Amino acid sequence: MKTDYKKELNPKQYEAVINPPGPLLVFAGAGSGKTRVLTYRIAYMIDYFGIDPREILAVTFTNKAAGEMRERMRQILGMAYLPVMLLTFHSFGARILRETYGVIGYRKNFSIYDESESLMVLKRIIAEENMERGDLTPKAAKYLIGRAKDDMLDPDAVEAKATSPRMRDLALIYRKYQQRLLELNAFDFDDLIYFPVIVFDSHPNILNRYRSRFPHLLIDEYQDTSNSQYRLVQHLAGEHKSITAVGDDDQSIYGWRGANIKNILKFEKDFPGTKVIKLERNYRSTQNILSAASGLIANNDNRKKKALWTDIGSGGKVKVMECSDEQSEALTIIDRIVQHRKGEGLRFSDFVILYRTNAQSRALEEGLRTSGIPYVIIGGVRFYERKEIRDILAYLRVLVNPDDDVSTRRIINTPKRGIGDTTVERLFAFAQKNRINMLTGCFLAAEGKIPGIATSKIIPFTEIIKKLSAIRENGEPLSSFVDKVIDISGYRASLSSTSDPEDEARLENIEELVVGVTTFEYRNPGATLEDFLEEVSLLTDVDRWDPNADAITLMTLHSAKGLEFPVVFIAGLEDGLLPLIRSGEGEDLGQLEEERRLMYVGMTRAKKHLYLTYSRYRKRYNSPTFSIPSRFLKEIPKDTLDFYTDTTKYYSESDKARRSGKYGLEDIRQGSFPIGAEVYHNRFGYGIVLSTEGSGDNEMVTVSFNRIGRKKLMIKFANLLPADK
DNA sequence: CGTTTTGCATTTTTT
DNA sequence: ATGCAAAACG
């Protein structure tokens with residue numbers, strides 16, 4: 001009773017699925033059944049080509065996507081357990097390092113540092129080396145080091161390439177940073193790709209082991225692979241070249257993170273004899289939505305042309321809604337949600353609100369809360385990044401990896417036990433001098449062996465660590481162990497005995513962590529604390545999202561990749577916000593194209609209804625900002641759109657001019673110049689006013705000049721003239 | 001020496 | 001508005 005592959009797939013999908021193992025590239029347009037092809041192909045390989053599931057490695061973008069694929073394959077193959085290796089790039093990297101850490105000098109049970117932990121290390125190094133400079137903040141250094149790792153450059157290479165003092169400084173910081181990470185027995189996210197490549201580069205025997213272990217490779221979202229990930233793939237593919245890559249150049253949205261769209265475009269060259277299949281039939285969206293999205297993306301030059309089609313029917317037009325401010329934007333959306341839900345019997349979980357930046361979620365959240373509509377926010381302050389969760393995880397990490405001084409610092413005085421900065425710094429200095437970790441230092445201090453450190457303050461801390469290690473060695477089950485950590489550390493007590501009302505929420509979060517551990521335990525019988533920590537470090541927010549809960553989902557456009565919803569709202573379609581353009585800088589065409597792809601990704605999430613909303617007024621950073629509608633709205637074919645103006649309320653008093661222009665509201669005169677006004681500057685030439693903020697002497701205008709692009713000017717000094725004078 | 005308070009910068013997107 | 005650094009306070 002094998003699955004009838006031919007019946008369940010369209011001809012193109014079928015062709016891809018049954019293609020014999022070898023280089024295969026599938027250009028899968030949005031909603032064309034990409035995951036379907038991947039899962040059926042894996043199933044088919046097992047079913048018809050007799051391939052051992054353990055020899056298949058499939059790399060996906062999120063753990064959730066991996067989980068879904070596993071579930072669907074189970075249905076196709078009817079097996080209870082499928083030993084296919086289904087992972088994200090980063091978790092695969094972590095697996096490799098767990099087996100090969102020794103060859104690069106690392107120890108067992110290393111930690112994986114996220115952004116903020118890496119930044120703490122960098123900050124310390126920059127301070128220690130007296131290298132503070134405005135253009136090399138910890139954040140900037142982190143970014144540049146990340147890019148260097150993407151290009152597989154070590155500190156020596158960065159130094160050799162450096163042509164400026166800034167880059168020479170960076171090379172030094174980079175060197176110290178890696179030394180420190182090695183001491184801490186910790187990797188950052190970029191290392192999880194970088195070091196496996198290094199290992200494969202320098203140890204052919206190890207590489208061969210992995211090659212023969214995974215002769216069959218499948219890679220999802222290939223358009224978002226970075227250079228280092230590409231190197232990893234090249235290594236693994238080796239001579240066998242049974243490699244399937246699936247992707248869509250129009251959905252490449254991680255260029256800022258090192259993703260290189262060229263990787264998918266040159267796949268055919270890299271693997272001669274590649275079979276290329278294009279999936280252009282869309283099963284998700286109505287014709288109107290698809291035409292709107294296709295019309296938009298056609299404005300990108302740097303892409304492979306394709307013709308998506310659907311036979312779902314035209315559906316309603318895409319609705320563009322103008323709102324006066326963020327609050328009315330929220331109300332407009334809520335109003336539509338309520339109507340659709342009643343009219344079409346939809347559930348809350350059928351709706352998603354997408355936006356460019358996490359900050360936008362606030363006003364929407366407020367509106368939903370007052371309306372009593374259940375919602376879930378994905379992203380923003382991630383669950384595992386909350387302070388209280390990180391604190392508990394830091395305890396766990398120290399127990400697993402005693403060299404992890406970053407975590408030791410975190411917990412040594414959390415909850416407060418009277419150990420201050422001075423003591424910690426003395427401890428650190430002593431540990432550095434004697435080449436030991438801080439935890440060992442604590443134990444020495446507790447015995448009074450470090451002059452200048454009072455034993456009385458340190459002993460309670462070392463007692464806690466001792467107790468917890470003993471419990472752990474007794475083979476305590478994971479969830480009850482975590483529970484004991486919360487108790488014995490004094491964390492639970494410190495939260496339940498305070499006046500701060502926030503602490504109650506923190507306590508709840510911590511209890512939720514225990515629930516999370518229990519779930520993890522249940523899903524992965526026999527898993528260790530190390531396994532749990534690895535999973536937690538690499539979990540994304542989308543992974544934690546439960547699509548079955550009856551609540552509206554709010555998330556960024558980036559997080560929405562790979563998902564679909566009957567009704568989609570994209571909020572904040574204002575020039576400067578979507579496309580997001582950082583003030584000061586001119587407009588980079590490549591970046592603009594990526595913003596357009598991001599918008600495209602958002603639009604193609606919609607099955608039945610798509611709403612695009614924008615606000616004339618919004619509080620950005622801290623100051624009030626007026627904006628013009630996104631240029632993307634003008635790029636979408638008009639016959640697919642319907643325009644609406646909200647009726648909730650208006651910020652501006654000069655309502656009368658509202659309906660004058662193409663989108664209405666062309667003539668709001670908030671400051672000295674109306675939004676959209678053409679102006680002349682005697683140095684920069686002609687331009688158009690995009691937004692104004694502040695007032696009086698502090699009034700600023702952002703003007704997009706024809707010749708030199710975007711500039712922010714102070715009205716007081718700029719001497720701007722209306723263009724027709 | 002440690003903790004609390006005030007002042008200051010700060011927001012793109014994420015594995 | 002919020003979160004993290006120096007300064008004041010205990």
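Just so it is clear, the structure is predicted and the values come from calculations on it, not from any experiment. What you see below is based on every heavy atom in this structure, not just the backbone, and it leaves out hydrogens, waters and symmetry mates.
Checking dT15(B), dT11(B), dT13(B) against the side-chain heavy atoms of Thr357(A) singles out dT13(B) as nearest. Between dG2(B), dT11(B), dT4(B), one nucleotide has an atom nearer to the side chain of Ala359(A) than all others, and that is dT11(B). With dT15(B), dC1(B), dT13(B) as the candidates, the nucleotide lying closest to the side chain of Glu115(A) is dT15(B). Minimum atom distance to the side chain of Arg362(A) is reached by dT2(C), of the listed dT2(C), dT14(B), dT12(B).
With respect to the salt-bridge test (charged N to carboxylate O, under 4.0 angstrom), the residues Arg631(A) and Asp575(A) qualify. Taking 4.0 Å as the cut-off between side-chain N and carboxylate O, Asp151(A) and Arg147(A) do not count as a salt-bridged pair.
Distance Phe189(A) CZ to dT15(B) P: 8 Å, rounded to the nearest Å. As rounded to whole Å, 8 Å separates atom P of dG2(B) from atom CG of Asn413(A). Phe89(A) places its CZ atom 11 Å from the C1' atom of dT15(B), with the value rounded to the nearest Å. Asp188(A) places its CG atom 11 Å from the C1' atom of dT15(B), with the value rounded to the nearest Å. Asp224(A) has its CG atom 12 Å from the C1' atom of dT13(B), to the nearest Å. Rounded to an integer number of Å, the gap from CG of Asp421(A) to P of dA7(C) is 14 Å. Regarding Trp545(A), its CH2 atom lies at a distance of 18 Å from the C1' atom of dT14(B), rounded to whole Å. Straight-line distance from the CD atom of Glu366(A) to the C1' atom of dA1(C): 12 Å, rounded to whole Å.
Arg426(A) comes within contact range of the sugar-phosphate backbone alone, with a heavy-atom separation under 4.0 Å but no base atom that close. Among the atoms of the strands shown, only primed sugar atoms or phosphate atoms (P, OP1, OP2) are found under 4.0 Å from some heavy atom of Ser559(A). Here Ser537(A) lies out of heavy-atom contact (under 4.0 Å) with every strand.
Here the rule is salt bridge (charged side-chain N to carboxylate O under 4.0 Å, His left out) with Glu117(A), and of Arg397(A), Arg410(A), Arg124(A), Arg180(A) only Arg397(A) fits it.
Stacking annotation: Trp256(A) is stacked on the base of dT13(B) (ring centroids less than 5.5 angstrom apart, interplanar angle below 30 degrees).
In summary, the aromatic rings of Tyr254(A) and Phe61(A) are positioned with their centroids under 6.0 Å apart.
The number of heavy-atom neighbours closer than 6.0 Å to CZ of Arg417(A), taken from other residues, nucleotides and ligands shown, is above 12.
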